[in-house]
Amino acid sequence: MPDVPSLRTALLDWYDQNARSLPWRAPPGAEYRTDPYRVWLSEVMLQQTTVPHAAPYFERFTTRWPTVSDLAAAEDAELMAAWAGLGYYARARNLLACARAVARHHGGVFPDTEEGLRTLPGVGAYTAAAVAAIAFDRAANVVDGNVERVMSRLFAVETPLPAARPQLRAVSGQFVSDHRPGDWPQALMDLGSSVCRPRSPLCEECPLSFGCKAFRQGEPARYPIRDRKADKPHRHGHAYVIRDGEGRVALVQRPDKGLLGGMLGLPTSEWGEALGFAPPLAGPWQAAGAVDHVFTHFRLTLSVHLAEPEAVGRDWIWTDETQALAVLPTVFRKALERGLGAAG
DNA sequence: TAGGCGTGGGA
DNA sequence: TTCCCAAGCCT
């Protein structure tokens with residue numbers, strides 16, 4: 001096994017030539033660091049989310065809220081609406097709580113240490129280390145899915161994830177150094193994204209292949225080894241598209257906790273085994289087909305029903321249909337699109 | 001502490 | 001179609 005300094009040098013040299021240009025990133029070796037607000041915002045958006053999906057959200061957020069204090073002053077509803085479609089909505093609730101904590105308890109300035117950052121809502125071990133390293137150039141052991149994959153291949157770790165986490169964190173820690181501490185994790189993540197990819201890794205282009213045990217063994221894509229995931233259950237429900245004849249549709253405010261927490265939604269039945277149709281008000285109802293959606297831990301089929309009642313007396317939130325399409329999480333946006341399409 | 005928590009893209 | 005996966009956090 002080559003020594004750690006050789007591998008570090010090889011990867012940082014590669015990064016100098018191959019770093020991706022990203023809106024939240026300072027170029028390799030830059031004299032300046034990126035605004036901690038932008039680093040933090042990008043890291044939260046990128047949790048379990050791809051760069052192409054997050055990038056337009058990042059642009060919209062930083063245009064609308066240029067500083068953390070601007071974000072702290074946002075209304076809950078406008079923040080949640082701006083996050084619609086990005087998923088994992090607890091991130092949005094924590095994002096706002098974090099911005100307000102920074103504004104109120106830290107004078108609008110992000111803590112500049114891993115420990116300080118770790119106390120903020122929605123900032124876990126990974127994000128605290130990433131912001132400390134990238135925004136403040138502090139040596140930190142930044143371990144995300146990319147780093148776990150690269151390390152698991154470098155050392156041909158046979159223990160399956162997630163049990164291998166402590167071991168992968170330990171080997172990753174061997175590479176942490178005061179030399180270019182902000183560039184190191186970004187170099188590792190770029191390598192994981194473009195070369196040491198989950199499938200079909202490009203080992204011929206890899207600056208670390210000279211020291212990679214999985215490459216030497218000949219089957220690098222076998223790593224990281226994972227436990228097989230359980231099958232998702234399939235749930236069913238009904239979604240109601242209720243229109244008022246004036247271009248508005250009835251929405252409901254979902255509770256803050258749980259699935260799609262804090263978001264607006266369409267009125268629906270309970271979700272479970274396929275149920276009979278028991279609408280929330282007298283018809284006539286028009287059947288508009290169904291939409292399928294996949295969540296993290298179950299699959300959902302929603303039958304969509306359309307009505308335009310004469311009078312209703314419920315605490316629905318009547319929302320312009322175009323506006324509704326923009327603020328709803330994807331599962332309800334799909335159902336609303338289907339309902340409006342069936343209405344012609 | 002293992003499970004809850006979104007979405008879209010690629011093979 | 002189906003499965004896997006992508007810069008995790010919280011409880």
Side-chain angles (χ1 to χ4, degrees), chain A residues 20 22-25 34 38-58 80 83-95 97-98 117-135 140-150 161-163 165-166 169 172 182 184-194 196-201 221 224-235 254-263 265 271 291-300 328-334:
Chain A
R20 290 177 293 177
L22 299 169
W24 46 81
R25 169 178 284 180
T34 304
R38 294 168 68 88
V39 175
W40 161 75
L41 180 61
S42 69
E43 291 301 339
V44 173
M45 286 185 168
L46 289 165
Q47 290 167 9
Q48 301 289 287
T49 305
T50 59
V51 167
H53 193 192
Y57 285 84
F58 180 84
M80 300 309 287
W83 196 273
L86 201 48
Y88 285 131
Y89 297 97
R91 291 185 297 169
R93 302 194 300 276
N94 285 329
L95 191 81
C98 180
L117 290 159
R118 188 66 181 79
T119 67
L120 297 168
V123 177
Y126 163 75
T127 302
V131 174
I134 297 169
N141 191 11
V142 182
V143 184
D144 72 333
N146 288 301
V147 175
E148 288 179 346
R149 182 171 59 259
V150 171
L161 282 172
R165 291 248 153 82
R169 167 170 290 279
S172 169
W184 174 252
Q186 299 186 89
L188 218 36
M189 289 189 279
D190 274 24
L191 186 79
S193 165
S194 62
C196 197
R197 308 181 297 191
R199 283 169 293 218
S200 310
I225 296 169
R226 297 179 190 274
D227 292 326
R228 187 188 175 283
K229 289 162 188 157
D231 292 342
K232 294 181 198 295
H234 190 167
R235 299 181 190 168
R254 298 179 60 83
D256 275 342
K257 293 185 184 288
L259 188 76
L260 309 173
M263 298 297 287
W271 304 346
V291 294
D292 287 295
H293 194 74
V294 180
F295 293 103
T296 306
H297 57 294
F298 67 95
R299 180 182 315 273
L300 177 68
L328 286 173
T330 299
V331 60
F332 294 126
R333 180 180 55 74
K334 292 198 295 196

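First the proteins, then the strands, lettered A, B, ... as listed; each starts at 1.
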Round to the nearest Å and state the distance from A/R299 atom CZ to C/dC4 atom C1'. 12 Å
Look at all strands and tell whether A/R333 reaches a base, only sugar-phosphate, or nothing, counting heavy atoms closer than 4.0 Å. sugar-phosphate
With a 4.0 Å limit, can you tell me whether A/K229 has a side-chain N or O closer than that to the phosphate oxygens OP1/OP2 of C/dC5? yes
Classify the nucleic acid contact of A/P162 as base, sugar-phosphate or nothing, counting any heavy atom under 4.0 Å across all strands shown. nothing
Please work out if A/I134 contacts a base, only the sugar-phosphate, or nothing of the nucleic acid, heavy-atom cut-off 4.0 Å. nothing
side-chain contact (heavy atoms from CB on, under 4.5 Å) partners of A/R25, counting only residues at least two apart: A/Y15, A/A19, A/R20, A/L22, A/Q186, A/D190
Using atom CG of A/L95 as one end and atom P of C/dC9 as the other, report the distance to the nearest whole Å. 13 Å
Rounded to whole Å, CH2 of A/W40 lies from C1' of C/dG8 at a distance of 15 Å
Determine the interplanar angle of the A/H53 and A/Y57 rings, folded into 0 to 90°, and report it as parallel if under 30°, tilted if 30 to 60°, perpendicular if over 60°. perpendicular
Under 4.0 Å, heavy atoms only, any strand: does A/G192 hit a base, just the sugar-phosphate, or nothing? nothing
I'd like to check the side-chain hydrogen bond (donor to acceptor under 3.5 Å, both in side chains) partners of A/T49; sequence neighbours left out, ordered by chain and number. A/R91
Dot-bracket for DNA chain C, please, read 5' to 3', with Watson-Crick or G-U wobble pairs under 3.5 Å on both distances, ( ) within the strand, [ ] crossing, | other strand, . unpaired. .|||||.||||
Partner set under salt bridge (charged side-chain N to carboxylate O under 4.0 Å, His left out) for A/R169, not counting sequence neighbours: none
Test of understanding: with side-chain hydrogen bond (donor to acceptor under 3.5 Å, both in side chains), list the residues that count as partners of A/S172, not counting sequence neighbours. A/N141
Residues in side-chain contact (heavy atoms from CB on, under 4.5 Å) with A/A130, at least two apart? A/E43, A/Y126, A/I134, A/V142
Decide if atom CZ of A/R197 counts as having more than 12 heavy atoms of other residues, nucleotides or ligands within a radius under 6.0 Å. yes
Students often get this wrong, so: under 4.0 angstrom with heavy atoms, is A/R197 touching a base, only sugar-phosphate, or nothing? nothing
Considering heavy-atom distances to DNA chain C, does A/D190 or A/G122 have its closest nucleotide positioned more toward the 5' end? A/D190
Rounded to the nearest Å, what distance is computed from the CD1 atom of residue A/I225 to the P atom of nucleotide C/dC5? 12 Å
When rounded to whole Å, the CG to P distance for the pair A/D292 and C/dC3 reads 14 Å
Results of side-chain hydrogen bond (donor to acceptor under 3.5 Å, both in side chains) for A/R38 - residues two or more places apart only: none
Taking the P atom in each of C/dT11 and B/dG6, what is the distance between them to the nearest angstrom? 14 Å
By the 4.0 Å heavy-atom rule, please label A/S200 as base, sugar-phosphate, or nothing. nothing
NA contact type, A/W24, heavy-atom cut-off 4.0 Å: base, sugar-phosphate, or nothing? base
Looking at residues at least two apart in the chain, or sitting in another chain, which of them share a side-chain contact (heavy atoms from CB on, under 4.5 Å) with A/H297? none
Where each residue is assigned the nucleotide of DNA chain B containing its nearest heavy atom, which of A/R199 and A/V294 is assigned the position nearer the 5′ end? A/V294
Residue set satisfying salt bridge (charged side-chain N to carboxylate O under 4.0 Å, His left out) with A/R199, at least two apart, ordered chain then number -> none
Separation of atom CG in A/L259 from atom P in C/dC10, rounded to whole Å: 18 Å
Taking any heavy-atom pair under 4.0 Å as a contact, classify A/P185: base, sugar-phosphate, or nothing. nothing
Tell me the interatomic distance from A/L161, atom CG, to C/dC5, atom P, rounded to whole angstroms. 10 Å
Listed partners of A/T127 passing side-chain hydrogen bond (donor to acceptor under 3.5 Å, both in side chains), at least two apart: A/Q47
Below the 4.0 Å mark, does C/dC5 have OP1 or OP2 next to a side-chain nitrogen or oxygen of A/R226? yes
Is the ring pair A/F58/A/W24 parallel, tilted or perpendicular, if the boundaries are 30 and 60 degrees? perpendicular
At under 4.0 Å between heavy atoms, what does A/L260 touch on the DNA or RNA strands: base, sugar-phosphate, or nothing? sugar-phosphate
Do you know which two heavy atoms are closest between A/L259 and A/R254, and how far apart they sit? O-NH2, 3.1 Å
How would you give the extent of chain A contacts on DNA chain B, as first and last nucleotide 5' to 3' within a 4.0 Å heavy-atom cut-off? B/dG4 to B/dG10
Can you list, in residue-number order, the parts of residues 44-55 of chain A that come under 4.0 Å of DNA chain B, counting heavy atoms only? A/Q48, A/T49, A/H53
A/G261 near the nucleic acid: base, sugar-phosphate alone, or nothing, with a heavy-atom cut-off under 4.0 Å? nothing
